[in-house]
Amino acid sequence: MDSPEFYYVTLIDAPCDHVWRALTNGEFTKQYWHQTEVVSTWTKGSKVEFLVKTEDGVVVGCEGEVLEMVEHELLSYSWHFPLNPSCAGEAPSRVTFELANIAGATKLTVRHDRFPHVSSATYKLVRDGWPFVLAGLKTLCETGRTKDFSMLEVA
């Protein structure tokens, strides 16, 4: 396997439009996604930025470009992590969210692919990070509150 991918499917007991807002609205992402605020117009070709507050102000943690978007159903964008020195020199990868209505709940499929190689620093970070982000997303959508799972120590 030359180019790895992260693939994850979960069922969230919330409607697709609610999960969509949680994925695309910075007020939601700050609550479960490593305290970052996603910003975009969510049109094909538009910029996507994950803004992080630091002691020096607000910086871009991750960035990309919207590749595909069908509201409440599909969102795909490129992913580059300039804030992390081990990832900054790598070519962008791609993350895709597919949402499907299952009896009023949302089946969320997340695929993160197009990594440059199996030893990609970006792949290693997202492989270990996505489960925490998605656990926070699921909790927030189902209960209206969340714990920032990104700050937990992994045993």
Side-chain angles (χ1 to χ4, degrees), residues 3 5-10 12 14-101 105-116 120-151:
S3 183
E5 72 174 34
F6 175 86
Y7 181 82
Y8 195 89
V9 178
T10 190
I12 300 174
C16 289
D17 64 328
H18 188 70
V19 175
W20 180 266
R21 278 192 311 273
L23 289 169
T24 61
N25 181 298
E27 290 305 313
F28 282 98
T29 61
K30 286 191 294 190
Q31 295 177 61
Y32 70 88
W33 203 323
H34 309 299
Q35 300 164 356
T36 61
E37 177 181 3
V38 68
V39 176
S40 181
T41 62
W42 302 115
T43 56
K44 188 173 181 174
S46 67
K47 187 186 315 186
V48 178
E49 294 180 316
F50 286 83
L51 305 178
V52 180
K53 287 185 182 176
T54 67
E55 293 176 1
D56 299 326
V58 177
V59 298
V60 177
C62 291
E63 61 189 3
E65 178 182 310
V66 176
L67 305 171
E68 293 181 74
M69 196 283 290
V70 178
E71 194 168 3
H72 304 147
E73 295 178 20
L74 174 73
L75 180 61
S76 182
Y77 48 85
S78 59
W79 178 279
H80 183 243
F81 196 8
L83 189 61
N84 186 307
S86 64
C87 303
E90 292 187 350
S93 53
R94 175 183 66 179
V95 62
T96 303
F97 301 94
E98 294 179 50
L99 294 80
N101 180 355
T106 302
K107 176 185 175 187
L108 177 65
T109 303
V110 180
R111 183 183 307 272
H112 197 144
D113 58 6
R114 296 186 180 172
F115 296 99
S120 163
T122 304
Y123 171 68
K124 290 175 183 175
L125 284 173
V126 301
R127 175 197 65 203
D128 295 338
W130 272 122
F132 289 98
V133 169
L134 296 171
L137 169 68
K138 180 176 171 63
T139 301
L140 179 63
C141 289
E142 292 180 344
T143 68
R145 54 187 166 72
T146 189
K147 172 175 270 188
D148 185 358
F149 291 105
S150 66
M151 299 302 154

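A salt bridge links Asp17 and Arg21; the closest N-O separation between the charged side-chain nitrogens and carboxylate oxygens is under 4.0 Å.
Tyr8 meets the ring-ring contact (aromatic ring centres under 6.0 Å, His included) test with Phe6; sequence neighbours excluded. For Arg127, the salt bridge (Lys or Arg N to Asp or Glu O under 4.0 Å) criterion is met by no residue, not counting sequence neighbours. In this view, Ser76 and Thr96 satisfy the side chain to side chain donor-acceptor pair (under 3.5 Å) rule, not counting sequence neighbours. Remark: His18 engages Phe28 in a ring-ring contact (aromatic ring centres under 6.0 Å, His included) (not counting sequence neighbours).
The salt bridge (charged side-chain N to carboxylate O under 4.0 Å, His left out) analysis of residues 79-90, with sequence neighbours excluded, yields no pairs. The salt bridge (charged side-chain N to carboxylate O under 4.0 Å, His left out) contacts involving residues 68-79 comprise nothing, where partners must be two or more places apart or lie in separate chains.
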**Message:** What verdict does the side chain to side chain contact (heavy atoms under 4.5 Å, CB included) test give for Leu99 and Leu23, after you've listed the backbone C-alpha separation in whole Å, the side-chain angles of each residue and the deciding distance to 0.1 Å?
**Reply:** CA-CA 11 Å; Leu99 294 80; Leu23 289 169; 4.3 Å; yes
**Request:** Start with the C-alpha gap between Val48 and Trp42, add the side-chain angles, then the distance that decides, and say whether side chain to side chain contact (heavy atoms under 4.5 Å, CB included) holds.
**Result:** CA-CA 8 Å; Val48 178; Trp42 302 115; 3.8 Å; yes
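Closest approach of Phe81 and Gly61 over heavy atoms only: CD1-O, 3.0 Å.
A 4.5 Å side-chain heavy-atom check between Phe97 and Tyr77 finds at least one atom pair inside the cut-off. Residues Val9 and Leu108 are not in side-chain contact: their nearest non-hydrogen atoms beyond the backbone lie 4.5 Å or more apart.
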